[in-house]
Amino acid sequence: MRNLMMITLLGLLGLTACKTEKKEADNSALQNEVQAYLDSYNAEYQKLVTASSEGQWTMQTHIVKDDTMASHLAAIADEAYAKFTGSKTNIETAQKYLKDEAKLTPLQVKQLEYILYLAGNNPETAGDVVKKRIDATNKQVEALYGFTYTMNKKPISPNAIDEILRTSVNMKEREAAWVASKEVGATLKDGLAELQQLRNSSVTPLGYKDYFAYMASEYNMTSEEMIELTRSFISDVWPLYRELHTWARYELAKKYNQPVPEYLPAEWLPNRWGQDWTALVNVEGLDIDPALKANGPEWIVKQGEAFWMSLGFDALPASFYEKSSLYPVSADAGYSKNNHASAWHIDLDNDVRSLMSVEANTEWWSTVLHELGHIYYYMSYSNPDVPMVLRTGANRGYHEAFGTMIGLASLQKPLLESKGLIKPGVETNDTLKLLSEALDYIVHIPWGSGVMTEFEYALYAQNLPKDQYNAKWWELVKQYQGIVPLSPRGEAYCDAATKTHINDDPASYYDYSISNVLLFQFHDYIAKNILHQDPHATNYWGSKETGDFLRKVMTPGATVDWREHLKASIGSDMSAKPMLDYFMPLMDYLKKQNAGRTYTLPEKPVFN
């Protein structure tokens, strides 16, 4: 009897094993078929991304007035990319294979899902809408970066405008510079209205409600969930922002010898959009401008590379220096370029470049290290385990987080001492240093999560009428930033369009807010668990263990789920707590400074 039971059991096990082997064989055949498709897609995708990137690079680094050839060639490359990624064949193929998702490998599923995401912005079924959108975008970019700013009827560069707003105490000069910074917006309003409709029309064929919904979907979130998240960031920082806003009103009134205003006048602030107020504070002993000027802009770029190499990363490829556009264009060059700093992954492999206008000052020291953060993220996930279509950040915010985190670390006292940019043991006011950082990272949240995000939500999700653009913009600026314009800004203007992202990187500015939250989580983890240093006083330079951690987080690119990857890396979900903890010592100081002063922002943010 026992022998009979054993034979029966062995027979059942054998039958099960045969079924398992057959199932694995069936899955293997399908997986091989899918892999052949993905290999073919990735090869063509890389080719088309390279051509499109080269076209855009030329268009943004060599702008010649009335020369349309660069935009024409860029449009041809962009249209070829759009035609491929949005082709009916690729959409149907990806959808077909995803019906058998359970039989595929996780990496294959991830690629197919991203192929469909890419198709959502360029679907063949949208007809000529995609081509029109590409042409309109390129035209808008040329108009923005080819614009000649004037002040007092004389040409002035954006860098010169920024310098006046950072340093001048002459109110008439400040007012003229601020007005000059907004001139370009009026020329872009018609183009933005056209793009509003074309962007929405290009994504609806694959089921997206609007362009804002499409962009939020990359995070696996709905528009409503994204707005809820960004508003939670505003609520988290609001008590501290309210203190900073009150402090700024009184300190600037004293500086300019003016009555204390109810809201901050836009032209009083050191930034064209009021997104960064760090220039309001001078931290004694931490002025590195003289040292930077003595070394020059080329030294700053090489030090940025040296920083990453000290962490154990490779040197930048020689092509980075050969092909990048790193310094300002001379006035007599006969062409201009995009002045907004950016990092480029031209071929999704070794061709990495940066577009900057580096000058020898503190802002560019931090910016160079920030942009190289993007570059080294590109280089990290350009490896055989990451398919071309997934060579991007775990989410878009990750990219900004790493760049901005390095920017933060680059200005901390121990690092500056180690590089000879300040004297060892120099006495500094650590509270003012923390205030300076808050005037960047905290001030950015109401701007990024509030003004920019909600303007673009209104633009795309709510179809904001063209004749309400400027009214909506300044309504949000006052609501979230507590800032008002020099004089009424009617609908002849389009001040939103003066911000580059509105034109060429739409409906994704919340990435910066997400990155601000993530960067403090990563920085807190590195400081406490790797460097064993105070998060306010770290020195990443030379820490191979920090490099190993960053490489581990960066290397997978978008092959991983960003939430799971975050938790596996630092042991927690996304949370603003480390950022709030970092700035907590500032609250007592500001409350003492603001004692007896009138607050004009509400105790809690108002969400309409």
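Just so you know, these numbers use all the heavy atoms, side chains as well, and skip hydrogens, waters and symmetry mates.
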Chi angles and distances behind the side-chain contact (heavy atoms from CB on, under 4.5 Å) call for N429, E284: CA-CA 7 Å; N429 187 321; E284 294 289 339; over 6 Å; no

CA sep, side-chain torsions, deciding dist, call: L355, W57, side-chain contact (heavy atoms from CB on, under 4.5 Å): CA-CA 9 Å; L355 169 55; W57 176 263; 3.9 Å; yes

Identify, with sequence neighbours excluded, every residue that meets ring pair (Phe, Tyr, Trp, His ring centres under 6.0 Å) alongside [X].
X	value
Y540	H523
Y457	F212
F233	none

What are the two closest heavy atoms between [X] and [Y], and how far apart are they?
X	Y	answer
A496	W473	CB-CE3, 3.4 Å
A527	D534	CB-C, 4.5 Å
A75	D135	CB-OD1, 3.5 Å
A177	I164	CB-CG2, 3.7 Å
I375	A343	CD1-CB, 3.8 Å
L416	L286	CD1-CD2, 4.1 Å

Sidechain-backbone polar pair: [X] side chain, [Y] backbone, donor-acceptor under 3.5 Å:
X	Y	value
S168	L165	no
S157	A160	yes
H245	G482	yes
N170	E173	yes
R249	P261	yes
K182	R272	yes
T404	A401	no
N338	H340	yes
W365	S410	yes
D289	T362	yes

Exercise: do R242 and Y599 side chains pair donor with acceptor under 3.5 Å: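 No, no side-chain donor-acceptor contact under 3.5 Å.
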
Under 3.5 Å side-chain donor-acceptor pair for N608 and Q479: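 Yes, a side-chain donor-acceptor pair sits under 3.5 Å.
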
Full working for ring pair (Phe, Tyr, Trp, His ring centres under 6.0 Å) between Y378 and H399: CA-CA 9 Å; Y378 297 151; H399 245 298; 5.0 Å; yes

Salt bridge (Lys or Arg N to Asp or Glu O under 4.0 Å) assessment of R353 paired with E54: CA-CA 11 Å; R353 305 178 198 175; E54 287 282 16; 2.8 Å; yes

Residue pair [X] / [Y], side-chain heavy-atom distance below 4.5 Å:
X	Y	value
L601	W238	yes
L240	L590	yes
Y145	N339	no
L459	K472	no
L434	H536	yes
W308	I406	yes
K139	S71	no
S325	K337	yes

Straight-line distance of N138 CG to M59 CE, nearest 0.5 Å: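 One gets 4.0 Å once the value is rounded to the nearest 0.5 Å.
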
Contacts of type salt bridge (Lys or Arg N to Asp or Glu O under 4.0 Å), residue [X], not counting sequence neighbours:
X	answer
K591	E243
R396	E218, D511
E437	K433

Side-chain donor/acceptor pairs under 3.5 Å, residues 262-271, sequence neighbours excluded:
from	atom 1	to	atom 2	distance (Å)
N271	OD1	W273	N	2.8
N271	OD1	G274	N	3.1
N271	OD1	Q275	N	3.2

Listed partners of [X] passing side-chain hydrogen bond (donor to acceptor under 3.5 Å, both in side chains), at least two apart:
X	result
K466	D190
Y469	Q196
E491	K189
Q140	N503

K423 atom NZ: more than 12 heavy-atom contacts under 6.0 Å: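 Result for NZ/K423: open.
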
Greater than 12 external heavy atoms within 6.0 Å of F583's CZ: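 Counting other residues, nucleotides and ligands, CZ of F583 exceeds 12 neighbours.
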
Hey, can you pull the donor-acceptor pairs under 3.5 Å for the side chains in residues 444-451, sequence neighbours left out?
from	atom 1	to	atom 2	distance (Å)
H444	NE2	Y509	OH	3.4
W447	NE1	Y509	OH	2.9
S449	OG	S513	OG	2.7

side-chain contact (heavy atoms from CB on, under 4.5 Å) between I502 and L192, intermediate numbers included: CA-CA 8 Å; I502 296 287; L192 180 58; 3.8 Å; yes

Using a strict threshold of under 4.0 Å (side-chain N to carboxylate O), is an ion pair present between [Y] and [X]?
X	Y	value
E163	R166	yes
E454	R231	yes
E175	K172	no

Criterion ring pair (Phe, Tyr, Trp, His ring centres under 6.0 Å) on Y398 and H374, from CA distance to verdict: CA-CA 10 Å; Y398 264 64; H374 291 296; over 10 Å; no

Residue that, paired with Y441, satisfies ring pair (Phe, Tyr, Trp, His ring centres under 6.0 Å) out of Y582, W277, F520: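 The ring pair (Phe, Tyr, Trp, His ring centres under 6.0 Å) with Y441 is passed solely by F520 among Y582, W277, F520.
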
From CA spacing to verdict: ring pair (Phe, Tyr, Trp, His ring centres under 6.0 Å), Y480, Y241: CA-CA 10 Å; Y480 289 118; Y241 182 74; 9.8 Å; no

